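The structure appears right after this line, and notes come after that.
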There are 2 protein chains.
Amino acid sequence: MEGSRSGDALRAAQMYYLQDLTMNAIARELRTSRSTVSRLLAMARETGLVQIQVNNPSERAPALEQHIRRRFGVEAHVVPVADSVSDSDVLDRVAIQAARTIGPLVDSNAIIGVAWGSTLSAVSHHLTRKQTHDSTIVQLNGAGNTQTTGITYASEILRRFGQAYGARVEQFPVPAFFDHAGTKTAMWEERSVRRILDLQRRMTMAIFGVGSVGSVGSGIPSHVYSGGYLDREDLEALENDAVVGDVATMFFRADGTHRDVLLNGRSTGPDLDELRRVGRRICVVSGESKIHGLRGALAAGLATDLILDEGSARRLVHT
Amino acid sequence: MEGSRSGDALRAAQMYYLQDLTMNAIARELRTSRSTVSRLLAMARETGLVQIQVNNPSERAPALEQHIRRRFGVEAHVVPVADSVSDSDVLDRVAIQAARTIGPLVDSNAIIGVAWGSTLSAVSHHLTRKQTHDSTIVQLNGAGNTQTTGITYASEILRRFGQAYGARVEQFPVPAFFDHAGTKTAMWEERSVRRILDLQRRMTMAIFGVGSVGSVGSGIPSHVYSGGYLDREDLEALENDAVVGDVATMFFRADGTHRDVLLNGRSTGPDLDELRRVGRRICVVSGESKIHGLRGALAAGLATDLILDEGSARRLVHT
DNA sequence: ACCTCTTCTGCACGTTTGTGCAATCCGGTT
DNA sequence: AACCGGATTGCACAAACGTGCAGAAGAGGT
């Protein structure tokens, strides 16, 4: 009767996915062209009208996932990827699957902390829409940096999350690192900052990647280590502190400790003890260079859910 | 690593549905042919590895469904079907969509009562598999009839349900109608029968169609009225009692009453008061001839969920 | 009314997907 | 070892599908 766009999309989706009609048949019933139906269906998928879930019966879940769960105490989602695939393709595919895995976990009234970085950026491009009420996306750590595109970069990521889930977005308008720990202390008393910190304390979900210092010189260093956020001195300090990686610019060692890492006093990321209080903490990892950082993050118990590519999963287990 | 059939199916499903790879790409990664991948995916869908759901945002759910919910107090699932489609195609499409709508509602530890008839038969052909623990399918009303294929017919339906959900199947080994009400009373004391009745009392879900006597002579009468279950005398008795339809061979009038319908004393279907105690009662209806029976069933409050074709939904509302 | 800018539509084409069929593989039996 | 029946594979072809493009249809503005 009515021909509203999303009404048609719903009808088309039902006919296609629930009745197994072909697009041609649907086009005839809706009195339009097949290509329009194709587009309606695409829209239905993107807007979350249609949800496709792949659930692995946990009994015989892939050995890798079970193994990781037992050994590290996190729910693992291994993204199947053949070894031959290039690193940037791996990232893409992990990101797509991560986005679709996260979707169903997002509730109404959620407060979702989101970090920034190349991994999260990739994820943010593939989020599937899902309508929620009264949800908030909050930035986990500052990003205004001294050099380049940091701000738009981080805010783009947040904006995409906000749009996908129909949520308010709260940016954290501070640099990634302060130059002086004292400035941080001062800023932390500011009302504008306290509002964000308060939101962070009430997070119901956090989503982040990991940075990894890698075996020195070998790996591709993650953003923080190469992006001009830190100068030579800082990097030396990290080495002295035996840091292996970071989550939202909070650094930790291989054994998971982070308390007396010097740089953390100037970082704007959430204290890791506080992060650990969040109910659902999703860590997305792609690529072999991240493995050391990931180990540290797991030792620190930062994640409840881990989404990673098959290669990394293997390496994580086999040693 | 391993190449187990269902393991590959899971990998393929993840790559296809979560990573948007083409079957060709997947075939290369799994070192097999594209056609095999196509078949793996088909299997993943059939076995419930992949679940696709279409959710209509209840705010702006199609007006028809809202209207039906308000007026009749049941959750309506209207199956979109153009008017031009033939009756048997409508049945097919309602059946497919019904099967996929029921799927997600089935839990472990469920006791599911299932009726028989052409509608349920059609539904049973399209069930998507779903693994559950400790569930039971129980036959709602007897089917052994005096003439023909009744037994295999009903038991086939039950078998399909049982297989789809990995559930035990409990048949009800009695005829649809007794010739003498006394025999029923006697049988109802038998232990074998009481076991079934006990299960029925503990049902968590019931699935049934409706029979409809239609405007005399016009509609296609449903099985019960044409299948040789009832003789001329019985049919006259029904007419005298102003019966408009039945659910699981229990008859009722347009106003929903059923107490003193003579034939019910000899029917093996569940008493309607008892049926109404079941938590989830799903009624599947297709085709215009059912409309009178459906009205009665709704008046009697027999269903909590109603799955029906668009044409019937319109007719139900517009008058 | 006219123009402009945007959104939507159907076509045409290349790509992707389903499936009948013959060949092959595999497990069990004689 | 030879045989057999059923399951599984890849091929080849037809059907179904996605998408760039050019034109149509709307929405606004002057």
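Numbers restart at 1 for each chain; the letters A, B, ... are given by sequence-line order, proteins then strands. Because the structure is a prediction, the values reported are computed rather than measured.
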Inset, instruction - Quick one: label A:S38 by what it contacts on the DNA or RNA (base, sugar-phosphate, nothing), any heavy atom closer than 4.0 Å. - result: base
Legend entry - B:R34 side chain, from C-beta outward: closest of C:dC11, D:dC13, D:dG10: D:dC13
Inset, instruction - In whole angstrom, give the distance that lies between atom CD of A:E46 and atom P of D:dG18. - result: 12 Å
Inset, instruction - Return the value, rounded to whole Å, for the distance between atom CG of B:N24 and atom P of D:dC11. - result: 11 Å
Inset, instruction - Please determine if a side-chain N or O atom of B:T22 lies less than 4.0 Å away from the OP1 or OP2 oxygen of C:dT15. - result: no
Legend entry - Check ion pair B:D20-A:R100 (N to O, under 4.0 angstrom): yes
Legend entry - Nearest-angstrom distance from the residue atom CZ of A:R45 to P of D:dC17: 11 Å
Legend entry - A:T36-A:S33 side chain donor-acceptor pair, cut-off 3.5 Å: yes
Inset, instruction - Return the value, rounded to whole Å, for the distance between atom CZ of B:R39 and atom P of D:dC11. - result: 11 Å
Inset, instruction - Please state whether the phosphate of C:dT16, meaning OP1 or OP2, lies under 4.0 angstrom from any side-chain nitrogen or oxygen of B:Y16. - result: no
Inset, instruction - Check the distance between D:dA7's C1' and B:L40's CG and give it to me in whole angstrom. - result: 14 Å
Legend entry - Gap between atoms CE and P, on B:M23 and D:dG18 respectively (whole Å): 11 Å
Inset, instruction - Ignoring backbone atoms, test whether B:T32 places a side-chain nitrogen or oxygen under 4.0 Å from the OP1 or OP2 oxygen of D:dT9. - result: no
Legend entry - Whole angstrom value for the distance that separates C1' of D:dT9 from CZ of B:R31: 17 Å
Legend entry - Donor-acceptor side-chain pairing of B:Y17 and B:R45 below 3.5 angstrom: yes
Legend entry - Between B:Q51 and A:Q53: side-chain donor-acceptor atoms closer than 3.5 Å: no
Legend entry - Nucleotide nearest A:S33 when distance is taken to its side chain, options C:dC13, C:dG10, D:dC11: C:dG10
Legend entry - Polar contact flag, side-chain donor to acceptor under 3.5 angstrom, B:R168-B:T136: yes
Inset, instruction - Calculate the interatomic distance between A:L21 atom CG and D:dA15 atom P; express it in whole Å. - result: 18 Å
